[in-house]
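Below is one structure, written out as structure tokens; the observations come after it.
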Amino acid sequence: IMINSMIDLSATGVYTISFFFGSLVSIPARSVQRISVSIIAEAWKKNNLDEIRTVYYKSCLNLFILGALIFIGIWGNIHNVFKILPEEYLPGKYVILLFGISACITMLGGISSIIINLSKYYRYQTYFIIFFGISIVITNLIFIPRFGIVGSAIAALISTFLYRFIQFLFIYNKFRISPYDYKILFIIVFAGITYGLNLLIPELKNYILDILIRSLFMAVIFGTLILISK
């Protein structure tokens, strides 16, 4: 709505398609969240913080692994994406990048929303969502006039980070639960190494074949690094 009113309808169309590509990163989170609801609800019923801590940790770690793989898969094939899309969608390139990073942050947050929603502090989740909405509007007003649709993606990235960071601080403050350790840094490094090696592959004329080879290569390299490091 804000892009349409502050720029134009064509920019809104480009932004919508770019948003779709970026949001692919967070698709696995939906399944994990659905599965986790009953487990967390039962754990709260028994006041079993150890089980909540374990599920929270596993959700953050494994979702971030999946998110990082999908993200480098999309960004490693970004040149192929714009062989499929018309040339007028090219301004959305960095929207895809920023939304991909935002989605990785969402994946890194794991089931934090579910933990808060099912706890006795569930009302606070409403406050966090209101804060998120206000943050989105304010940051859009700041960045859209300066950077266009990329500015809106910057606004989404900032707001998503703040939202997830506040959730993390709240859970840690109330329950002394932290899901993060050194393994998160390993995943970031492995993703960087995999993407860097992908750049060494020469670009093929057939973009479908190029997508298949790059995607398979990155999946094998990243998956091997994850498995070897346990």
Is it true that the side chains of [X] and [Y] contain a donor and an acceptor less than 3.5 Å apart?
X	Y	answer
Asp181	Tyr57	yes
Arg214	Asn198	yes
Gln33	Arg30	no

Lys NZ or Arg CZ of Arg176 over Tyr172 ring: under 6.0 Å, within 45°: yes

Check whether any side-chain N or O of [X] sits under 3.5 Å from a backbone N or O of [Y] as a donor-acceptor pair, and report yes or no.
X	Y	value
Ser159	Ala156	no
Tyr180	Leu108	yes
Ser5	Met2	yes
Asn48	Glu51	yes

Could you pull out the closest heavy-atom pair between [X] and [Y], with the gap in Å?
X	Y	result
Ala11	Ile149	O-CG2, 3.7 Å
Gly67	Val25	O-CG1, 3.3 Å
Asp210	Pro202	OD1-O, 3.9 Å
Arg164	Gly110	NH1-O, 4.2 Å
Leu66	Pro28	CD1-CB, 3.9 Å
Ser38	Ile35	OG-O, 3.6 Å

With a 4.5 Å limit on heavy-atom distance, are the side chains of [X] and [Y] in contact?
X	Y	answer
Leu85	Ile17	yes
Leu212	Leu216	no
Ile193	Leu197	yes
Phe175	Tyr121	yes
Ile187	Phe222	yes
Ser10	Glu88	no
Trp44	Leu49	yes
Ile40	Tyr56	no

Step-by-step ring-ring contact (aromatic ring centres under 6.0 Å, His included) determination, Phe20 to Tyr15: CA-CA 9 Å; Phe20 169 75; Tyr15 186 82; over 10 Å; no

How about [atom1] on [X], more than 12 heavy atoms from neighbouring residues, nucleotides or ligands closer than 6.0 Å, or not?
X	atom1	value
Ile1	CD1	no
Tyr195	OH	yes
Phe131	CZ	yes
Phe186	CZ	no
Arg146	CZ	no

Steps toward side-chain contact (heavy atoms from CB on, under 4.5 Å) verdict (Asn173, Leu169): CA-CA 6 Å; Asn173 182 57; Leu169 290 179; 5.9 Å; no

Nearest 0.5 Å, please: how far is [atom2] in [Y] from [atom1] in [X]?
X	Y	atom1	atom2	result
Leu225	Ile65	CG	CD1	11.5 Å
Ile142	Ile158	CD1	CD1	8.0 Å
Leu118	Ile115	CG	CD1	9.0 Å
Ile228	Thr224	CD1	OG1	6.0 Å
Met6	Ser152	CE	OG	9.0 Å
Gln125	Asn117	CD	CG	4.5 Å

So if you build clusters from Ile, Leu, Val, Met, Phe, Trp, Tyr with side-chain heavy-atom gaps below 4.5 Å, do [X] and [Y] land together?
X	Y	result
Phe82	Leu204	no
Ile39	Tyr122	no
Leu199	Ile201	yes
Leu185	Phe165	no
Met218	Ile74	yes

Test log, rule side-chain contact (heavy atoms from CB on, under 4.5 Å), inputs Tyr163 and Ser113: CA-CA 10 Å; Tyr163 173 65; Ser113 297; 3.6 Å; yes

Ring geometry between Tyr124 and Phe170 (parallel below 30°, tilted from 30 to 60°, perpendicular above 60°): tilted

Mutual orientation of the aromatic rings belonging to Phe99 and Phe19 [parallel < 30°, tilted 30-60°, perpendicular > 60°]: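 Phe99 vs Phe19 ring planes: perpendicular.
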
Audit row: Ile221, Phe190, side-chain contact (heavy atoms from CB on, under 4.5 Å) steps and yes/no: CA-CA 9 Å; Ile221 296 297; Phe190 293 162; over 6 Å; no

Test side-chain contact (heavy atoms from CB on, under 4.5 Å) applied to Thr160 and Phe132, step by step: CA-CA 7 Å; Thr160 300; Phe132 180 66; 4.0 Å; yes

Under-4.0 Å salt bridge between Lys83 and Glu203: yes

